[in-house]
Amino acid sequence: MKLQDTLSNSEQELDVSKKVRIYLCGVTVYDESHIGHARTIIVFDVLRKYVERKGTEVEFIQNFTDVDDKIINRAQSENTTTEEISSKYIKNYFKDFDGLNVKRATNYPKATEHIDDIIKFIEKLIGKQIAYTSKNGVYFSISKFPEYGKLSKKKIDELQSGARIEVDEAKIDPLDFAVWKFSDAEPAWDSPWGKGRPGWHIECSAMSIKYLGENFEIHGGGRDLIFPHHENEIAQSESYADSTFAKIWMHVGMVTINGEKMSKSLGNIKSIKHVLENWGANIIRLFCLSGHYSKPIDYSEELLNENLTKWRQVETCYYELIHADSENHEDVKPIIEKTSTEFNNALESDFNTHLALSAFFQLVKEANRLAAEEKLGKEDARIIKTELQRMIDILGLSIPEMTENEKKEIDNLIESREKFRKEKQFEDADKIRDKLNEMNIELIDHKERTVWMKKENIKAEN
RNA sequence: GGUACUCUGGCAGAACGGUUAUGCGUGGGCCUGCAAAGCCUAUACAAGGGGGUUCGACUCCCUCGGGUACCUCCA
């Protein structure tokens with residue numbers, strides 16, 4: 001499959017004939033995760049599920065940044081320790097992302113648990129005279145990495161002239177960045193150069209190389225990480241290893257709200273918790289996948305509602321397939337083949353989830369058409385459902401299973417409603433229908449029979 | 001100011017140098033005891049403005065304009 005690589009600015013072939021190693025820059029755990037984080041992580045979740053579905057093993061590493069100024073500040077303002085802040089928000093993270101049906105990564109390394117690796121990493125950089133010690137910390141010297149700027153396509157002299165950061169006089173070059181910051185205040189660790197804590201970028205270099213090796217397949221994150229985070233990671237890692245770092249750099253566009261980036265400073269955050277409560281995982285996932293991953297996507301109730309409509313069609317389809325029992329039938333193989341091919345081709349071609357969703361909805365629509373026309377035989381339904389389920393799995397959607405008892409109860413109620421209808425006692429029949437509706441069961445009356453479906457309860461719909 | 005990306009019908013959003021994208025919405029219809037759901041059908045003079053290349057451009061080039069992001073922490 002082909003993916004757009006930020007570094008070469010071209011599509012690169014992802015080799016799926018052997019294990020695919022992915023490193024995704026995760027979150028800094030100092031606050032609740034929001035829908036912007038969700039988008040990036042959901043995109044990678046689907047990518048991972050798709051590759052795995054092809055039969056290729058995926059090693060998926062996603063870090064937690066648990067040492068950082070923001071965490072320290074937060075701990076101070078809440079009068080607690082950084083450990084408590086980070087563990088609280090890690091717990092929170094898993095609650096959110098398990099709720100979003102995101103498969104757990106192979107490993108979630110934390111910076112604080114890799115201080116030794118980070119120190120060894122820095123030692124090697126110092127040994128190669130690529131990093132140097134100054135009065136405030138240890139710095140990476142960008143002049144030792146002539147390709148600095150290659151990822152973000154920035155020219156070093158332009159960066160310097162435009163820099164609005166206060167220049168630290170102890171640095172050789174204003175663009176040099178800290179790999180180790182001296183500090184006696186907790187959290188701090190001893191190092192050969194003095195007590196302190198790691199700089200932001202170094203953890204990802206040290207941990208990605210530790211877990212995935214010096215050159216792995218995909219390194220990703222949000223677009224806003226291209227500079228300086230990923231630029232600096234490349235500088236460190238390639239200097240360290242004297243070889244090419246990640247083969248493909250994949251960056252996910254921002255979630256905007258009214259056209260503006262969702263960010264804490266603008267105060268326009270939609271937390272995952274909030275959106276999950278109101279819309280549920282399926283609709284959020286459809287929303288996040290509704291545009292090309294590299295482009296921004298604008299958050300709005302209107303768009304979520306559109307995805308709700310689509311999700312209802314999927315639910316209907318699912319239950320129609322389960323209950324299918326028509327005498328007549330139509331050859332469904334061409335439909336399955338067409339939509340399945342389109343779905344795969346879309347993902348193969350720079351992971352175009354929007355087109356993949358189109359194919360998915362087309363299959364849904366065809367199945368619903370057959371059901372409406374009473375042309376859906378048991379066997380047809382079975383093979384459509386197999387393919388539909390495959391797509392659902394890759395997209396990470398889920399339709400909750402129902403217990404046999406629940407089904408029996410529903411069947412019984414439908415049966416008594418049928419009796420009332422035959423006897424034209426519509427008031428009693430409608431009472432039963434209302435009762436079922438309260439259980440989120442919707443009835444679909446076909447000519448000869450009634451099919452039921454369980455609707456996911458979406459709070460925002462009411 | 002610099003750099004990158006972006007500008008498609010009411011909304012969302014693709015592909016492609018020449019063929020209807022598609023979905024949502026909207027109108028009509030089918031089904032139904034009535035609904036709902038679903039289906040069918042119709043609907044959009046669409047390409048930010050202006051130039052150019054071309055037999056032909058939404059698609060390539062130039063230019064002007066709008067937007068967003070990054071240049072500081074950020075998914």
Side-chain angles (χ1 to χ4, degrees), chain A residues 6 9 24-28 30-31 33-44 62 65 68-70 73 149 152-155 157-166 175 200 220-229 231 251-256 259-265 287 290-292 294-298 300 302-303 305-310 312-313 315-317 319-320 342 346 349 352 354-362 364-374 420-422 424-427 429-430 433-434 437 442-447 450-453 455:
Chain A
T6 309
N9 198 21
L24 176 65
C25 284
V27 296
T28 302
Y30 74 107
D31 207 344
S33 300
H34 58 72
I35 188 87
H37 302 116
R39 165 127 91 159
T40 301
I41 287 160
I42 286 169
V43 164
F44 275 88
Q62 183 184 324
T65 298
D68 170 271
D69 289 353
K70 286 194 294 280
N73 293 340
S152 56
K153 320 281 181 256
K154 290 187 188 306
K155 296 196 176 88
D157 41 343
E158 279 168 1
L159 274 175
Q160 286 171 347
S161 61
R164 283 181 290 168
I165 1 159
E166 318 164 28
L175 288 175
W200 175 34
R223 278 203 102 79
D224 52 352
L225 294 184
I226 294 173
F227 190 92
H229 186 54
E231 191 71 61
H251 290 104
V252 180
M254 297 294 99
V255 174
T256 58
E260 277 180 318
K261 181 180 168 183
M262 190 175 281
S263 74
K264 299 239 158 72
S265 47
F287 165 75
S290 68
H292 188 97
S294 65
K295 290 189 179 176
I297 189 168
D298 202 53
S300 70
E302 197 187 349
L303 239 87
N305 254 317
E306 186 174 324
N307 286 297
L308 169 60
T309 305
K310 291 173 179 176
R312 293 296 184 218
Q313 292 170 353
E315 284 178 318
T316 305
C317 174
Y319 286 98
E320 288 282 15
E342 275 181 29
S349 157
N352 192 329
H354 180 266
L355 279 182
L357 285 177
S358 291
F360 172 62
F361 292 129
Q362 206 184 324
V364 166
K365 195 156 194 97
E366 288 291 336
N368 283 341
R369 196 201 92 228
L370 291 169
E373 291 173 358
E374 302 282 4
F420 285 126
R421 289 177 77 199
K422 275 196 186 117
K424 299 210 187 300
Q425 290 176 266
F426 296 121
E427 256 181 51
D430 288 351
R433 186 166 65 190
D434 292 342
N437 279 343
E442 185 153 317
L443 300 182
I444 304 167
D445 287 329
H446 287 293
K447 275 178 194 147
T450 297
V451 167
W452 58 266
M453 62 177 278
K455 286 166 73 180

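Proteins come first, then strands; the chains are lettered A, B, ... in the order of their sequence lines, and each starts at number 1.
- No donor-acceptor distance shorter than 3.5 angstrom exists from the side chain of A/N352 to the backbone of A/A346, with no hydrogens or angles considered.
- Atoms SG and CD, on A/C317 and A/E366 in that order, are 10.5 Å from each other to the nearest 0.5 Å.
- Counting to the nearest Å, the C1' atom of B/A75 and the NE2 atom of A/H229 are 10 Å from each other.
- Side-chain atoms of A/D445 and A/R421, non-hydrogen and from C-beta on, do get closer than 4.5 Å to each other.
- Going from atom CG of A/N352 over to atom C1' of B/C16 covers 13 Å, rounded to whole Å.
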**Request:** Take A/R312 and A/K455 through the side chain to side chain contact (heavy atoms under 4.5 Å, CB included) test and state the conclusion after the steps.
**Result:** CA-CA 7 Å; A/R312 293 296 184 218; A/K455 286 166 73 180; 3.7 Å; yes

Identify the pairs formed between an N or O of the protein and an N or O of nucleotides 7-13 of chain B at a distance under 3.5 Å, and give each distance.
| residue | atom | partner | partner atom | Å |
| --- | --- | --- | --- | --- |
| B/G13 | O2' | A/H354 | ND1 | 3.0 |
| B/G13 | O2' | A/H354 | NE2 | 3.2 |

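- Taking atom P on both B/A57 and B/G52, the two are 11 Å apart, rounded to the nearest angstrom.
- The shortest side-chain heavy-atom distance between A/R433 and A/D430 falls under the 4.5 Å cut-off.
- No side-chain heavy atom of A/F360 sits less than 4.5 Å from a side-chain heavy atom of A/Q362.
- Side-chain N or O atoms of A/E342 include none that pairs as donor or acceptor with a backbone N or O of A/A359 at under 3.5 Å.
- Residue-level contact check: A/G253 touches the bases, meaning some heavy atom is under 4.0 Å from a base atom.
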**Message:** Each nucleotide in nucleotides 33-42 of chain B should get exactly one letter: B, S or -. Can you fill that in based on protein heavy atoms under 4.0 Å?
**Reply:** BBBBBSSS--

**Base-pairing string, 5' to 3', of RNA chain B - Watson-Crick or wobble, under 3.5 Å, | interstrand** = (((((((..(((.....[...)))((((((.......))))))....(((((..]....))))))))))))....

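- Note that the NZ atom of A/K310 and the CZ atom of A/F287 stand 12.0 Å from one another [nearest 0.5 Å].
- If you check every strand for non-hydrogen atoms under 4.0 Å, A/G36 touches a base.
- Look at the C1' atom in both B/C39 and B/A75: the space between them is 41 Å, to the nearest Å.
- Rounding to whole angstrom units, CG of residue A/L357 and C1' of B/C24 are separated by 14 Å.
- The distance from atom CD1 of A/I226 to atom C1' of B/A4 is 8 Å, rounded to the nearest whole Å.
- One distance of note links CG of A/D298 with CD of A/E260; it measures 10.0 Å at 0.5 Å rounding.
- For A/F227 and B/C70, the CZ to C1' distance is 9 Å, given to the nearest whole Å.
- Summarising the geometry of A/K153 relative to A/T6, their closest heavy-atom pair is NZ-O, 3.1 Å, with the distance given to 0.1 Å.
- For A/D224 and B/A4, the CG to P distance is 19 Å, given to the nearest whole Å.
- For A/E231 and B/A69, the CD to P distance is 21 Å, given to the nearest whole Å.
- Between A/K153 and B/G2, a side-chain N or O to OP1/OP2 separation shorter than 4.0 Å is absent.
- Distance, A/L225 CG to B/C71 P: 10 Å, rounded to whole Å.
- Counting non-hydrogen atoms under 4.0 angstrom, A/V27 reaches the backbone sugars and phosphates but no base.
- A/T40 OG1 to A/R223 CZ: the interatomic distance, rounded to the nearest 0.5 Å, is 11.0 Å.
- Atom NZ of A/K154 and atom CD of A/E231 lie 8.5 Å apart (nearest 0.5 Å).
- Across all non-hydrogen atoms, the minimal contact from A/I297 to A/S290 is CD1-OG, 3.5 Å.
- Straight-line distance between the C1' atoms of B/G33 and B/C40: roughly 23 Å, to the nearest whole Å.
- Using a 4.0 Å cut-off, some side-chain N or O of A/T28 falls inside it from OP1 or OP2 of B/A75.
- If you check every strand for non-hydrogen atoms under 4.0 Å, A/T256 touches nothing.
- Contacts of A/V255 with the nucleic acid, taken as non-hydrogen atoms under 4.0 Å apart, include base atoms.
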